[in-house]
Every structure is written in C-alpha cells, then in structure tokens.
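The figures here come from the full heavy-atom set of this structure, side chains too, leaving out hydrogens, waters and symmetry mates.
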Amino acid sequence: MMKLVVSTLTNQFFLMFLAIATGLLIGKIKIKSFSLGVSGGIFTGIVIGYIVTNWAHGVTEGGTGFSDAKRILSTGVVAQAFFTFFLLLFLVSIGMKVGGSIGTIFKRYGMKFVVIGAVIPVISMATACVLYGTVLSSKPSVTPYETIGMFAGAMTSTPGYGTALDASGGLDYGRIYDEAPEKEKNAMLLKIDPSGALTAENTANLNEEQTAAYKEAVSSAISLGYTVAFPIGVLVIVVMISILPKVFGIDLEKEKERYRLELNAIGDSGKKAKEQPLNFMVIALVAVIGIAVGNITIPLGSFGSFSLGAAGGVLLAALILSYMGQIGPVNFRMDSKALGLMYQMGLVFFMAVVGLRYGYDVVTSLMGSGLALAVAAIFVEGIAVLVSFFIGHKVFKLNWLILSGAIAGGCTSAPGLGAAISSTGSEEPTAGYGAAQPFAILANVLLATVFFSIML
C-alpha cells in the first residue's frame with residue numbers, strides 16, 4: 001500500500017496537475033486588485049518541488065520509494081523535457097497569435113525596444129560588479145566566478161551562462177595565479193585542494209594538473225551561482241511585472257484604450273490573410289523552422305558567439321511567419337481563440353514545471369550558504385527592472401501593455417512574459433517581448449565575456 005502511495009505522489013504527471021490545480025486556485029485570490037493569476041503555479045510548484053526533493057534526499061537504499069527518489073535526484077521532480085516542450089508550445093502559439101500586428105507595433109515604437117532589451121543586462125551587470133566589489137567579495141565562499149553565474153541566473157539567461165563557462169575555460173589561470181597577491185593565491189589553491197595542504201608559500205606555480213583542477217572548480221562555481229540565482233530571477237520578474245502597475249497607479253483599462261487608439265492611428269501594416277482553423281502541421285513547421293534558426297551560431301570574434309536558442313528562435317519565427325500571413329499554399333494565420341487556448345495551456349504547465357524543478361534550489365539557497373547570492377540576485381534584477389521601467393514609462397512614454405513584455409524580454413524571462421499576459425489580460429506584451437529579447441540575449445553574451453576582463 002505504501003509503495004502505491006509513494007509511486008503516486010512522486011509521479012511527474014500527478015505533481016504537475018497538482019501544482020496547476022492548487023496554483024490556479026491560489027491565483028484567484030485577490031488582495032485589493034492584485035492576484036497571481038496563472039503565476040500561482042510557480043509558487044505552489046516551489047512548495048511541492050521542495051517537499052518532494054527533500055523527501056528524496058532522506059530515502060536510503062533499500063527503503064520504500066528508493067528508485068523514485070533516485071530518479072528525482074538525478075533528473076529532477078519533473079523531466080527537463082517538460083520544461084522545454086511547454087515553453088516552446090507557449091511561445092509558438094502566442095507568437096502566431098499576435099504576429100499579425102508586429103509590423104504596426106514596430107512602426108509605432110521603433111528602436112525603443114532595442115534600448116529596453118540592452119539596458120536591463122547592462123544595469124544588471126553593473127549592479128553585480130558593484131555588489132561584488134562592496135559586499136560579496138568579503139565572503140570567502142563568493143568569488144567573481146559565483147558572481148558571473150549569479151548574473152546569468154538572475155537574467156535567466158542560459159546563453160549568458162554558457163558564454164561565461166566558455167570564456168572561463170579560455171583563461172590563463174597560470175598567469176592569473178602568478179600575478180595574484182598572496183591572499184588570492186591561497187584562495188585559488190583552496191579551490192584546488194580544500195584540505196589546505198597547498199599554500200602560496202609551497203606552491204610557486206600551478207602545474208598542469210592543478211590548473212585543470214582549478215578550471216573544474218571555476219566551472220562548478222559559475223554553475224552554483226547560476227543555479228542559486230535562476231529561480232530567484234524567475235520570481236523577481238514575475239512579482240515585479242505583477243505589482244509595478246499597482247505601485248505606480250497605472251490604469252490598465254486606460255492603457256488598453258490608449259493602446260488601441262495608438263495602433264488604429266498608425267493603421268495595420270501587416271499582410272492580409274484569412275484565418276484558418278488550427279493546423280498542427282503548420283504549427284509544427286513553425287517550431288521546426290524556429291529551432292533551426294535558434295541553433296544558428298553567429299561568431300562575434302573575441303567576444304565568443306551568439307545564438308537565440310530554441311526558445312528565442314521559435315518565438316521569432318512565429319512572429320515573422322504570422323506577420324507574413326501566407327507563403328505560397330501555407331497559411332500561417334490561425335483561429336485566434338484556438339491559439340489562445342494553446343498558449344494558455346502551455347503557459348499554465350510551464351509555470352508549474354518551473355516551480356517544481358527549481359523549488360528545492362529556491363528554498364535551500366535562501367536557507368543555506370547561497371543566501372548572499374540569492375539576495376544579490378534580487379537586487380541585480382530588481383534594480384534593472386526598475387530603471388528600465390522608468391526609461392520606458394517616463395522617458396519613452398511606452399504603453400504598459402507593450403512595456404511589460406519588453407521588460408520581460410530584457411530579462412529573457414518567459415515566466416515574466418506569462419505574468420505580463422496574465423496581469424494585463426492581453427496578449428500584446430508578446431510583441432514587446434519578441435522585439436526586446438534578441439538584443440537582451442546578445443547583450444548578455446557580450447557582457448559575460450567582458451566580465452572577466454573587468455573583474456580579474
């Protein structure tokens with residue numbers, strides 16, 4: 001009987017639906033005019049994910065549910081494939097739904113998206129450097145490597161994380177060690193040999209084996225910072241996107257009316273195409289094209305390389321192809337209500353999966369040695385979001401519907417886009433997200449490369 005109970009309570013599908021059901025229930029709770037909406041699934045997912053993973057850590061070999069516990073600890077509460085699939089489903093459907101109006105939006109807002117997309121990573125990196133120089137460097141467990149990982153995690157930027165790992169692998173650690181003061185040499189040696197047997201006094205230079213060991217330690221440090229900060233970054237953008245209009249008194253109904261008037265004044269610049277019923281073959285084709293585009297790597301010389309990744313490529317392909325309407329016999333415009341149901345399903349599942357996969361990391365980082373990095377991640381993203389909000393809202397006079405999506409795009413955060421759609425009750429934030437995200441990805445890649453030149 002107990003085996004049956006454990007098997008049910010650790011079943012990936014059971015946990016996803018449980019997180020969704022409880023999350024949507026919590027999302028309906030209103031405090032004045034504020035509610036979490038579909039974002040509630042992240043928070044219930046975090047609680048469930050932590051409980052399940054914590055249980056798995058306590059199961060010993062031979063105990064009831066050991067195989068389930070082993071699977072959870074090795075692949076996560078739910079598999080990474082669910083994370084990717086529901087994210088792509090959400091992005092391809094929402095991109096195709098709003099792509100028809102993307103031309104009109106660009107005509108109205110132009111290069112402002114580029115600024116929003118680039119300014120968030122720049123402010124975040126500046127904040128991370130300042131925090132390391134003033135606070136984090138005083139903590140023995142935090143080095144520039146944990147800091148760059150924390151930056152990438154706070155930006156929820158996998159390309160930034162990958163670039164940081166790649167750039168760190170190309171550093172000359174032998175030279176860095178030779179030029180370092182004694183205190184930093186001892187810190188480097190402690191990462192190579194935690195026993196403390198190696199000291200600056202008995203180690204004049206790093207040999208090949210020690211250099212390799214230090215490279216591995218650096219990769220682990222970057223990964224630690226990213227792992228701690230990523231779920232914090234998700235939570236920060238979701239909460240801020242939801243509360244900013246309330247804090248600054250933005251009337252959503254007036255914003256929607258103003259937005260409609262603005263676009264009507266410009267006129268529709270999209271190509272005309274009659275909507276067809278939902279066609280999964282065409283949706284799959286768009287996803288295939290998007291994934292292929294996302295895998296294209298553009299070399300940036302000494303700065304490494306740049307790619308949109310599967311998520312960025314799929315969203316870009318969906319927006320462009322939907323904007324074009326029909327190409328030959330293929331019609332990329334589909335029934336808006338059907339696409340709306342698709343993106344809502346993808347979003348609801350994606351939010352729950354994010355919470356389930358990262359719940360344990362969120363709680364343990366706030367309770368353990370990662371607390372400093374977790375708190376730093378709040379400031380790194382929070383300050384950048386506030387600055388971009390004031391630039392977009394006060395300087396550019398951007399409508400909140402489009403600005404909320406651009407801010408989420410600047411943070412390369414699909415959950416942030418989900419929160420923007422949910423809190424505004426409109427799909428229009430998607431256009432801002434799609435326009436700002438590529439520039440944010442590029443900025444993250446460049447900054448992750450430049451970081452080591454600044455900090456080492």
Side-chain angles (χ1 to χ4, degrees), residues 57 73-74 125-154 157-158 160-230 232 302-304 360-361 364-377 379-380 445-456:
H57 278 288
L73 296 179
S74 61
M125 175 61 80
T127 305
C129 291
V130 169
L131 286 174
Y132 179 74
T134 57
V135 179
L136 296 177
S137 59
S138 64
K139 300 183 178 300
S141 61
V142 180
T143 69
Y145 306 110
E146 282 89 359
T147 304
I148 185 60
M150 178 270 293
F151 159 77
S157 174
T158 302
Y161 167 59
T163 301
L165 287 175
D166 185 59
S168 68
L171 295 174
D172 185 350
Y173 292 109
R175 180 188 60 78
I176 292 173
Y177 179 82
D178 293 339
E179 297 175 358
E182 184 175 336
K183 182 180 178 181
E184 290 182 17
K185 285 183 177 179
N186 285 325
M188 291 178 70
L189 292 170
L190 201 58
K191 282 189 175 292
I192 296 170
D193 183 3
S195 71
L198 297 177
T199 65
E201 292 182 358
N202 62 30
T203 310
N205 308 102
L206 296 184
N207 60 36
E208 189 174 329
E209 185 179 343
Q210 290 167 339
T211 300
Y214 189 69
K215 280 187 178 182
E216 184 62 32
V218 164
S219 295
S220 297
I222 294 172
S223 298
L224 172 65
Y226 179 80
T227 302
V228 167
F230 183 93
I232 301 299
S302 59
F303 291 105
Y360 186 79
D361 291 332
T364 53
S365 66
L366 293 175
M367 293 169 54
S369 59
L371 178 60
L373 289 170
V375 173
F379 285 96
V380 164
V445 168
L446 295 176
L447 289 167
T449 305
V450 171
F451 176 85
F452 293 107
S453 301
I454 300 171
M455 301 301 291
L456 295 179

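- Ala374 approaches Val228 most closely through the heavy-atom pair N-CG1, 3.8 Å.
- Closest approach of Tyr177 and Thr203 over heavy atoms only: OH-O, 2.6 Å.
- No donor-acceptor distance shorter than 3.5 angstrom exists from the side chain of Ser138 to the backbone of Thr134, with no hydrogens or angles considered.
- Distance check, rounded to the nearest 0.5 Å: CZ of Phe451 to CG of Leu447 gives 10.5 Å.
- The line from NZ of Lys183 to CE of Met188 is 15.0 Å long, rounded to the nearest 0.5 Å.
- The distance from atom CD of Gln210 to atom NZ of Lys191, rounded to the nearest 0.5 Å, is 15.5 Å.
- Closest approach of Ala152 to Gly160, counting heavy atoms only: CB-C, 4.0 Å.
- Interatomic distance, OG of Ser219 versus CG of Leu224, reported as 12.5 Å (0.5 Å rounding).
- A distance-only check finds a donor-acceptor pair linking the side chain of Ser137 to the backbone of Tyr132 [under 3.5 Å].
- Between the Asn186 side chain and the Leu198 main chain, no donor and acceptor come within less than 3.5 Å of each other.
- Residues Leu189 and Asp193 have side chains not in contact (no heavy-atom distance under 4.5 Å, counting atoms from C-beta outward).
- Ala164 and Ile148 get closest at one heavy-atom pair: CB-CG1, 3.8 Å.
- Separation of atoms CZ (Arg175) and CG (Asn205) is listed at 14.0 Å; rounding is to 0.5 Å.
- The two atoms that bring Ala377 and Ile232 nearest to each other are CB-CG2, 4.0 Å, heavy atoms only.
- Under the 3.5 Å distance criterion, the side-chain polar atoms of Asn202 are matched with a main-chain donor or acceptor of Thr199.
- Contact of the Ile192 side chain with the Thr211 side chain is not registered, since no non-hydrogen atoms from C-beta on lie closer than 4.5 Å.
- Of the possible donor and acceptor atoms, none in the side chain of Glu184 sits under 3.5 Å from a partner among the backbone N and O of Pro181.
- Side-chain contact between Val142 and Met150 is absent, with no heavy-atom pair separated by less than 4.5 Å.
- Here the straight-line distance linking atom CG of Leu206 with atom OH of Tyr214 works out to 9.0 Å at 0.5 Å rounding.
- Here the shortest heavy-atom pairing between Ala376 and Leu131 reads O-CD1, 3.8 Å.
- A side-chain donor-acceptor contact under 3.5 Å links Thr143 and Glu146.
- Panel note: side chain Tyr173, backbone Ser168; a donor-acceptor pair is recorded below 3.5 Å.
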